[in-house]
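Numbers restart at 1 for each chain; the letters A, B, ... are given by sequence-line order, proteins then strands. Here the structure is a predicted model, which is why all the values come from computation and not from measurement.
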Amino acid sequence: MIPVTPTDLDQPTERLAMALLDWVVVKDTPEGRRVGRIVECEMYQGPHDRAAHSYGGRRTERTAVMFGPPGYAYVYLIYGMYHCLNVVSGPPGAPEAILIRALEPLGDWPEAQTPRQRDRLLAGPGKLCRALGIDRRYYGHPLWQPPLWLARPDTPWPSYQIARGPRIHVDYAGEAAEWPWRFWIGGHPAVSVKSVPAFLTGPQTESTPRR
DNA sequence: ATATAGATGTACT
DNA sequence: GTACATCTATATT
């Protein structure tokens with residue numbers, strides 16, 4: 001498991017969002033190491049993106065980290081009970097971030113008893129944070145360092161296609177609600193919400209599930 | 001299978 | 001007060 005470097009995380013946001021689908025999230029806990037492959041994410045590109053917390057250049061205590069250098073964690077609380085993990089992207093001053101929406105569990109996940117439970121365990125931004133124990137304590141954490149970091153897989157994934165389409169739950173965002181800024185692995189069973197992609201890129205043409 | 005309602009805390013008109 | 005980058009339990013096709 002090779003940790004990513006700050007340089008790896010310094011890419012244009014759209015490219016980084018697609019690159020994330022090649023990486024894993026690692027969290028070291030007292031109970032052991034937990035690993036999940038990123039299979040779904042969404043980019044938020046303030047200040048012109050009405051769906052972004054940083055829309056209009058709004059800089060608050062909550063959004064401050066988005067205005068800093070890339071590769072740090074933006075963690076926020078949603079609906080009073082769930083946390084969401086984002087990777088800050090773009091150069092300082094560009095308040096952009098990528099929301100990690102779903103992971104495929106790799107290795108040991110004792111709380112998942114059946115294959116079905118395993119597929120759904122990390123399917124959703126709130127669920128994966130709960131399962132990984134991610135909360136506001138990780139706000140601003142550099143994502144190339146333990147105990148929470150991004151890494152390259154030990155062995156390359158089988159060939160996969162990247163699907164993209166509109167983001168989830170941003171209908172209030174006007175025109176921005178339709179921008180295809182959600183990315184996922186086509187046909188992957190751990191993706192949070194099934195939807196028809198607006199675009200597909202990658203070697204596969206048949207719609208066969210891939211892990 | 002899909003459709004609700006309800007939980008909860010922080011950020012913001 | 002209202003909205004929210006959500007999820008689960010329960011009810012209803």
Categorize A/Arg167 for me: base, sugar-phosphate, or nothing, with a 4.0 angstrom heavy-atom threshold over every strand shown.
nothing
Rounded to whole angstrom units, what separation is found between the OH atom of A/Tyr55 and the C1' atom of B/dA11?
17 Å
Using a 4.0 Å heavy-atom cut-off across all strands, classify A/Gly126 as base, sugar-phosphate, or nothing.
sugar-phosphate
Is there a side-chain contact between A/Tyr172 and the phosphate of C/dA5, meaning an N or O under 4.0 Å from OP1 or OP2?
yes
How close or far is atom P of B/dT10 from atom OH of A/Tyr74, stated in whole angstroms?
14 Å
Nearest-angstrom distance from the residue atom OH of A/Tyr44 to P of C/dC4:
12 Å
Candidates C/dA5, B/dC12, B/dT8 - which lies nearest the side chain of A/Thr60:
B/dC12
Centroid-to-centroid, A/Tyr76 to A/His53, below 6.0 Å?
yes
ring-ring contact (aromatic ring centres under 6.0 Å, His included) test vs A/Tyr72 passes for just one of A/Tyr139, A/Trp144, A/Tyr138, namely A/Trp144
Separation of the P atoms in B/dA5 and C/dA3, to the nearest angstrom:
16 Å
Quick one: look up who C/dA5 pairs with, Watson-Crick or G-U, both distances under 3.5 Å, and put none if it's unpaired.
none
Is the ring pair A/Trp179/A/His48 parallel, tilted or perpendicular, if the boundaries are 30 and 60 degrees?
tilted
Please determine if a side-chain N or O atom of A/Arg58 lies less than 4.0 Å away from the OP1 or OP2 oxygen of B/dT13.
no
Chi class for B/dT13: syn within 90° of 0, otherwise anti:
syn
Please report the distance, rounded to the nearest Å, between CD in A/Glu61 and C1' in B/dG9.
15 Å
Using atom NE2 of A/His83 as one end and atom C1' of B/dT8 as the other, report the distance to the nearest whole Å.
11 Å
Tell me whether the NZ or CZ atom of A/Arg167 lies within the 45° cone about the ring axis of A/Phe183 and under 6.0 Å from its centre.
no
Please work out if A/Leu77 contacts a base, only the sugar-phosphate, or nothing of the nucleic acid, heavy-atom cut-off 4.0 Å.
sugar-phosphate
Nearest-nucleotide pick for A/Arg130, side chain only, options being C/dC4, B/dA11, C/dC7
C/dC7
In whole angstroms, how far is the P atom of C/dC4 from the CZ atom of A/Arg50?
10 Å
Any donor-acceptor pair under 3.5 Å between the side chain of A/His53 and the base of C/dA5?
yes
Decide whether a cation-pi geometry holds between A/Arg37 and A/Trp157; the criteria are a distance under 6.0 Å from NZ or CZ to the six-membered ring centre and an angle within 45° of the ring axis.
yes
Would a single hydrophobic cluster contain both A/Tyr74 and A/Tyr55, if residues Ile, Leu, Val, Met, Phe, Trp and Tyr are joined by side-chain heavy-atom contacts under 4.5 Å?
no
Tell me the interatomic distance from A/Lys127, atom NZ, to C/dA9, atom P, rounded to whole angstroms.
10 Å
Tell me: CZ of A/Arg62 to P of B/dG9, nearest whole Å?
16 Å
With a 4.0 Å cutoff (strictly under), does any side-chain N or O of A/Arg101 reach OP1 or OP2 of C/dT6?
yes
The residue, A/Tyr82 or A/Arg136, whose nearest nucleotide of DNA chain B is more 5′ is A/Tyr82
Distance check: side-chain N/O of A/Tyr79 vs OP1/OP2 of C/dT6, anything under 4.0 Å?
yes
If only side-chain N and O atoms of A/His169 are considered, is one of them under 4.0 Å from the OP1 or OP2 phosphate oxygen of C/dT6?
yes
